[in-house]
Structure formats: C-alpha cells, structure tokens
Q: 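Take a look at the following structure, please.
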Amino acid sequence: MTAHLIDGNALSQQLRQNVAERARALKNRGITPGLAVVLVGDNPASQVYVRNKVKACQDAGLHSVLEKYEANLSEADLLARVDALNKDPSIHGILVQLPLPDHMDAQKVIEAISPRKDVDGFHIASAGALMTGMPGFWPCTPYGCMKMLESIGYNLRGKHAVVIGRSNIVGKPMALMLLQQHATVTICHSATPDLKTHTLQADVIVAAVGRRNILTADMVKPGAVVLDVGMNRNDEGKLCGDVDFAGVREVASHITPVPGGVGPMTITMLLVNTLEAAEAAAH
Ligand code: NAP
C-alpha cells in the first residue's frame with residue numbers, strides 16, 4: 001500500500017481562502033485584522049520565518065507590521081513594546097519570534113503578551129485553556145496537525161495516538177489536542193526506551209523531534225496515519241522531516257510530506273488565530 005499524501009499546501013490554500021473571506025467581512029465592518037511580528041536580532045532562520053508570516057498575512061488581506069530590533073535591545077524596552085502593542089487597537093495578534101537573545105527571559109516576554117492577542121498560543125493562559133478544555137488560542141503547529149486529521153475525516157475516538165516529542169510548542173499541546181478528541185495518547189521522548197514498542201501500537205503517529213529517520217517503516221503499524229513535524233536537512237542539504245518518508249509511505253495509510261506538509265499549515269493556523277482574535281475583539 002502506498003500512503004495517501006496529506007497535502008499541507010492544498011489544505012492551507014483552502015483555509016487561507018476562508019480567512020481572506022472572513023477578513024473581508026470584518027473589513028466591511030471597519031475592522032482590519034492586524035498581526036504584529038516582533039523580531040529581535042538577526043538570526044537568519046528567524047528572518048525567513050517572519051518574512052513568510054508577514055507575506056502570508058498580506059496575501060490574505062490582513063494588516064501586518066514587522067518590528068525589527070537590534071540584538072542588544074534591552075528586555076525592558078521589548079516589554080514596553082509588547083505593552084504598547086497590547087494597547088494598540090489596530091493589532092489583534094502579537095507574535096514575538098523565538099529564540100530571543102540570551103539576555104532576555106523568553107517566557108517573561110511571552111507572558112507580557114495579552115492572552116487575547118496571544119496568537120502563537122504560547123502564553124501560560126493559553127496553555128492552561130488548552131489543558132482544561134476552555135476557549136483559547138492553540139499553538140499553530142499542533143493545531144495545523146489537527147486540521148490535517150480533520151481534512152481526511154479521521155475520527156480519533158478510541159484510537160491510539162503516539163506523539164514523539166514533548167516540547168511546550170509542539171509535543172505537549174499536540175498530545176492534549178488528541179486527548180480532547182478522545183484518542184488514547186502516549187507521549188514519547190528522549191528517555192523513552194524502545195520507541196518502536198510504542199509506535200507499532202499506534203493508529204496515529206506525530207513525529208516532532210528534529211532528528212532524521214527517527215521513524216522508519218519497521219516502526220509503523222500498517223494503515224497508521226503519520227504526521228511529520230520535523231524540519232531537518234539531509235546530506236544534500238535539502239529540507240526533510242523526522243520520518244523516513246520513502247519507507248514509511250509504503251506502510252502508512254496517510255502521511256504528510258516535508259516540505260509541503262505541516263510547515264505551511266503552521267503559518268495558516270497563525271492567520272486563523274489572528275483572524276479569530278480580530279473577530280472576538282469586534283464582538
Ligand atoms: P524540541 O523542543 O527540541 O523538542 C524535541 C523533542 O524530541 C524533545 O521532547 C525531546 O525529548 C524529543 N527527543 C529527542 N530525541 C529523541 C529520541 N531519540 N526519541 C524520542 N524523542 C526524542 O523541538 P520542537 O520545537 O518540539 O520541534 C521538533 C521538530 O519540529 C524540529 O525539527 C522543529 O524544527 C520542527 N518544527 C516544525 C514546525 C513546522 O512548522 N513544521 C514547527 C515547530 C517545530 P526530551 O524532552 O526528553 O529532550
């Protein structure tokens with residue numbers, strides 16, 4: 001069996017069209033959804049990410065501002081900027097691109113963002129809302145994974161999902177979202193002995209490690225759905241995921257490619273969160 005590809009670009013296009021339509025409806029009421037992206041320092045990867053986020057906003061008809069600061073910006077000055085953005089009615093979502101320079105406490109900066117504008121979903125209030133099943137912003141990458149499962153009509157009730165990775169931005173929120181949809185969830189991490197014992201039992205596997213070939217065909221139950229969050233470089237320098245795509249696609253029923261899988265969905269869900277922040281502010 002060759003797995004069906006879950007195409008993150010195609011799904012993103014559909015969802016972004018919906019965002020653009022809803023943004024137009026808001027504009028007709030005099031409100032343009034706005035995202036502020038704050039970048040401190042000159043990390044080359046971060047520069048690419050923020051550029052892509054700003055462009056995606058513009059393409060969907062959202063207002064976006066990119067605030068760039070030198071790496072030696074003080075934490076106090078950054079906190080003051082966040083405070084000003086919290087108070088700015090033209091801004092509905094605030095994203096502070098991570099990582100921040102070492103002299104800053106990233107968590108402190110994230111906590112300074114108003115939970116109503118926390119479109120990255122990293123604020124402790126957003127994490128708590130997800131944990132307790134209350135409304136709040138979901139972190140974009142695992143949220144995008146949930147949309148991918150929804151796009152194939154996958155019913156998680158009674159299914160066993162294995163999440164590899166337990167970071168605050170991907171693995172843990174992913175596990176909570178799967179749990180909320182009634183999956184039985186196992187979280188694996190670097191101290192998990194014999195990863196394969198767990199993955200072989202899984203109906204759904206989400207790989208979020210940052211290591212090539214962490215998941216190979218012999219570790220996957222035939223017919224499982226495999227979502228690959230990882231972003232790595234192969235020997236030729238090309239972008240690849242955590243999953244041995246060529247092998248696993250012969251065993252899985254559905255699989256996400258890298259590139260063109262979870263990556264575009266992450267930015268799409270940022271647009272969705274920003275739009276929904278604006279819709280909530282408009283009520
Ligand atoms: P992270 O904070 O480095 O977390 C990686 C997780 O993998 C940790 O929980 C770690 O366990 C676990 N791990 C490491 N080695 C392992 C092993 N041998 N077996 C099982 N688990 C292992 O990374 P992250 O931020 O979650 O990101 C994960 C990957 O997704 C990266 O490649 C990142 O670039 C990518 N990513 C992609 C997107 C996207 O839009 N596509 C967005 C975000 C991240 P411990 O907790 O025990 O250390």
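Read the numbers this way: they start at 1 and go in the same order the structure lists the ligands and their atoms.
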Q: So between Gly165, Gly8, Gly210, whose heavy atom ends up nearest atom 12 (C) of ligand 1?
A: Gly165

Q: Would you please say whether a donor-acceptor pair under 3.5 Å links the side chains of Thr2 and Arg249?
A: no

Q: Are any of the N or O atoms of Met231 closer than 3.5 Å to those of ligand 1?
A: yes

Q: Quick one: which ligand 1 atoms are inside 4.0 Å of a heavy atom on Ile169?
A: 25 (O)

Q: Could you list which atoms of ligand 1 come closer than 4.0 Å to a heavy atom of Thr266?
A: 39 (C), 40 (O)

Q: Out of Val209, Thr256, Ile214, whose heavy atom is nearest to atom 15 (N) of ligand 1?
A: Val209

Q: Going by the order shown, which atoms of ligand 1 are within less than 4.0 Å of some heavy atom of Ile164?
A: 20 (C), 21 (N)

Q: Which one holds for Arg211 and ligand 1: side chain close, backbone close, both close, or neither close, with close meaning a heavy atom under 4.0 Å?
A: side chain

Q: Charged N to carboxylate O below 4.0 Å: is that the case for Asp59 and Lys55?
A: yes

Q: Look at atom 47 (O) of ligand 1 and find which of Cys188, Ser190, Cys140 reaches it with the closest heavy atom.
A: Ser190

Q: Compare His189, Met265, Met269 and give the one whose heavy atom is closest to atom 19 (N) of ligand 1.
A: His189

Q: Of the protein's non-hydrogen atoms, which lies at the shortest distance from atom 24 (P) of ligand 1, and what is that distance?
A: Ser167 OG, 3.7 Å

Q: Need the ligand 1 atom indices (1-based, order shown) with element for anything under 4.0 Å from a heavy-atom of Gly263.
A: 40 (O), 41 (N)

Q: Judged on heavy-atom distance to atom 30 (O) of ligand 1, which of Val229, Asp242, Val258 sits nearest?
A: Val229

Q: Would you call Lys221 and Asp203 a salt bridge, using N to O less than 4.0 angstrom?
A: yes

Q: Under 4.0 Å from any heavy atom of Ala208, which atoms of ligand 1 are there?
A: 5 (C), 6 (C), 7 (O), 28 (C)

